[in-house]
Amino acid sequence: MILPAVHAPTYGATPSGKPAGKDGYRAAPLPAGIWSPDQGDGTYINPILAGDYSDPDVVRVGEDFYLTASSFTNVPGLPVLHSKDLVNWSLLGYALEKNVPEAHHAVPRHGGGVWAPAIRHHDGRFHIYYPDPDFGIFMVSATDPKGPWTAPVLVDDAKGAIDPAPFWDDDGQAWLVHGFAGSRAGFKNVITLKKMSADGKRTLPGEKRIIDGDRLPKVATSQGPMPWFTTEGPKLYKRNGWYYVFVPSGSVKGGWQGVFRARHIEGPYEGRNVMDQGDTPINGPHQGAWVDTPAGEDWFVHFSDADSYGRRVYLQPMQWGADDWPLIGVRQGKAPYGAPVTRHRKPNVAVQPVSVPVTSDEFDDGYHLGWQWMANPMADWVDTSVKGHLRLKAVSSPANLWEAGHLLTQKLPGMTFSATTAITLKPGGQAGERAGLVAYGYDYAWIGLENTVAGQRLVHVTRLKADLGVNGGKIQQGSETVLTAPVEVKGPVHVRLSFTPVQVAEPAPEVPHYWHSMLRSTHARVTASYSVDGVNFQPLGTPFITQPGRWVGTQVGLFAQAPGGTPSYTATRAGHAEFDYFRFGR
């Protein structure tokens with residue numbers, strides 16, 4: 001069941017109709033266009049990053065803040081963002097040129113690759129620790145966050161180890177905490193502590209389980225006492241003689257932010273809930289990072305899952321009590337835990353101009369940093385000698401784009417927006433080559449050009465269950481649905497995908513207590529249109545409802561393709577497509 005479309009936010013009441021808190025939290029569909037959180041009046045509105053920057057971690061170095069996030073199968077990986085005020089962020093680059101092992105990641109490994117990382121600054125160097133749950137925990141480092149970054153070093157090869165975070169104690173001893181993926185390790189809900197070598201490049205023999213969720217008493221939440229489950233994403237800190245492990249628990253959409261503390265790094269640890277959803281629409285709220293400012297303020301950066309719109313990044317105020325326990329967000333009554341805010345005053349730091357990660361691209365000098373491939377790219381997928389437009393090779397691959405690594409994609413920049421490009425297809429001579437603008441996830445749809453024996457045609461293509469249905473537990477694959485436009489293709493064609501959010505009703509979870517956010521998911525209704533003059537656009541096909549990908553939101557991007565299993569594999573000529581521009585709009 002699809003619920004009515006959501007609209008731009010209003011502030012002053014919660015979804016239940018109760019008055020909002022002093023910070024005015026309210027449902028958070030965003031205004032049309034590219035989202036900017038800075039309101040220009042000393043306040044910000046969450047999310048601070050509308051793009052899908054999953055599992056964010058933040059470190060402060062002097063007056064600068066640096067953020068990294070999961071990148072999974074997207075390449076380059078480990079985005080590095082910079083901010084002066086924790087609200088306005090710009091993309092500096094990436095810490096990982098290719099996923100390793102390179103041969104393994106030469107094809108899409110949806111759900112694999114780079115999981116939740118941690119970024120720290122120690123002894124004059126930036127260090128990012130990240131897991132690939134199929135291979136182990138890796139580390140890259142650099143003196144400059146813009147790079148160059150070192151090649152990945154395998155720090156620990158424990159099966160199914162995830163979510164690593166390093167910590168250097170006052171005596172110089174290096175430590176590593178991490179969780180476990182049940183799909184690989186055979187167990188989860190456990191946080192392990194290990195010593196590392198002084199250079200942080202390898203773990204040392206011996207380990208200790210410092211948090212075992214299955215053995216803990218229930219924790220107080222706004223939904224009543226809850227068992228600790230799916231406890232993961234640890235971050236280890238030290239303050240006032242206490243060691244703190246920040247961990248999300250209770251699952252991505254239905255969980256809370258926990259904190260454990262001990263007087264000794266190896267425990268014993270005691271824990272509590274410090275923020276949960278309460279009566280707000282911000283589900284989770286999940287995995288993130290505590291960071292302070294030069295003025296001594298405390299803040300917490302985390303994500304909240306928005307389904308097709310990805311895991312968006314939020315900023316919450318944080319305060320320490322006289323009892324040395326933190327509270328995140330706005331206190332829920334007299335409880336020892338807070339609720340996330342939507343609108344709040346900005347941190348007390350230097351004024352920074354409004355900025356967002358790059359989005360639109362004129363391809364004046366290659367393509368900008370916002371683009372990522374679906375797998376480790378081959379050198380000839382893009383012709384870097386071409387300036388003023390993007391030239392993509394028609395790469396031979398299966399017709400199902402879920403299996404194609406040569407898609408060049410971006411994160412969604414807002415909720416209600418359009419993406420437009422102009423395509424020219426120059427085939428190598430064989431029928432079946434095609435190029436287009438795609439909205440991509442478990443289901444996908446694209447509009448673009450296809451070469452046939454009768455000439456080129458403009459098509460709108462949809463494929464449901466492109467992931468072979470594995471996400472639903474059933475091995476089944478939808479076939480393509482193709483609609484041809486009644487237009488003769490004589491040159492470049494302008495194509496557009498327009499996104500509008502919709503809420504989809506979900507069945508109630510089979511658990512006694514759950515937050516209301518679990519009864520809905522947010523997706524996008526996407527309509528396709530085309531123009532031969534770049535001004536007057538005509539609709540093509542029926543609206544398409546997006547789905548997310550594996551651990552990621554829907555992505556929008558470009559591709560050129562030659563069908564696999566045809567003479568294109570042995571042809572002496574390969575075609576290509578040229579994209580004149582790529583522009584986001586309302």
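- Residue pairs meeting the salt bridge (Lys or Arg N to Asp or Glu O under 4.0 Å) criterion with at least one partner in residues 178-191, sequence neighbours excluded, are D134-R184.
- Paired with P248 under the rule side chain to side chain contact (heavy atoms under 4.5 Å, CB included), one option of M275, K235, H302, H286 passes, and it is H286.
- For the side chain to side chain contact (heavy atoms under 4.5 Å, CB included) test, residues two or more places apart in sequence or in another chain that qualify with S498 are S418, R496, T527.
- Counting heavy atoms from C-beta outward, N46 and P340 have side chains that stay 4.5 Å or more apart.
- Judged as a side chain to side chain donor-acceptor pair (under 3.5 Å), and not counting sequence neighbours, the contacts of W299 are E297.
- Partners of V259 according to the side chain to side chain contact (heavy atoms under 4.5 Å, CB included) rule, which considers only residues two or more places apart in sequence or in another chain, are Y244, F246, V274, W325, P326.
- Classification of D305 and R311 as a salt-bridged pair holds, one side-chain N sitting under 4.0 Å from a carboxylate O.
- In this structure, the salt bridge (Lys or Arg N to Asp or Glu O under 4.0 Å) partners of E450, at least two apart in sequence or on a different chain, are R457.
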For I211 and W228: C-alpha separation, side-chain torsions, deciding distance, then whether side chain to side chain contact (heavy atoms under 4.5 Å, CB included) applies. CA-CA 10 Å; I211 299 171; W228 293 92; over 6 Å; no

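- When the side chain to side chain contact (heavy atoms under 4.5 Å, CB included) test is applied to P539, no partner is found at least two apart in sequence or on another chain.
- In terms of the side chain to side chain donor-acceptor pair (under 3.5 Å) criterion, residue partners of K253 (sequence neighbours excluded) are, by chain and number, D307.
- A 4.5 Å side-chain heavy-atom check between T522 and Q503 finds at least one atom pair inside the cut-off.
- In this structure, W256 and F229 have perpendicular ring planes: the angle between them is above 60°, well past the 30° mark.
- No side-chain N or O of N273 forms a donor-acceptor pair with one of T221 less than 3.5 Å apart.
- Within the 4.5 Å cutoff, the side chain of V75 has heavy atoms near those of the P377 side chain.
- Listed by chain and residue number, nothing satisfies the side chain to side chain donor-acceptor pair (under 3.5 Å) test with Q287 (two or more places apart in sequence, or in another chain).
- Checked by atom type, the side-chain pair Q372/S71 shows no donor-acceptor distance below 3.5 Å.
- In this structure, T420 and Y581 approach most closely via the heavy-atom pair O-CE1, 3.5 Å.
- Every residue meeting the side chain to side chain contact (heavy atoms under 4.5 Å, CB included) condition with E102, not counting sequence neighbours, appears here in chain and number order: K98, V100, N376.
- Applying the ring pair (Phe, Tyr, Trp, His ring centres under 6.0 Å) test to W373 and every residue at least two apart in sequence or in another chain returns W381.
- Side-chain contact between H406 and S397: present, with at least one pair of heavy atoms (C-beta onward) separated by less than 4.5 Å.
- A side-chain donor-acceptor contact under 3.5 Å links T231 and N189.
- Note on ring orientation: taking the six-membered ring where Trp is involved, the planes of W402 and H110 are parallel (angle under 30°, cut-offs 30° and 60°).
- Checked against side chain to side chain donor-acceptor pair (under 3.5 Å), H368 has no partners two or more places apart in sequence or in another chain.
- Checked against the 6.0 Å centroid criterion, the rings of F544 and H460 do not qualify as a close aromatic pair.
- Remark: the Q223 side chain and the H516 side chain contain no N/O donor-acceptor pair separated by less than 3.5 Å.
- For the residue pair D361 and Q410, no side-chain donor N or O sits within less than 3.5 Å of a side-chain acceptor on the partner.
- A search for ring pair (Phe, Tyr, Trp, His ring centres under 6.0 Å) contacts involving F582 returns W371, F584, not counting sequence neighbours.
- Between the side chains of S304 and N283, at least one donor-acceptor pair of N or O atoms lies under 3.5 Å.
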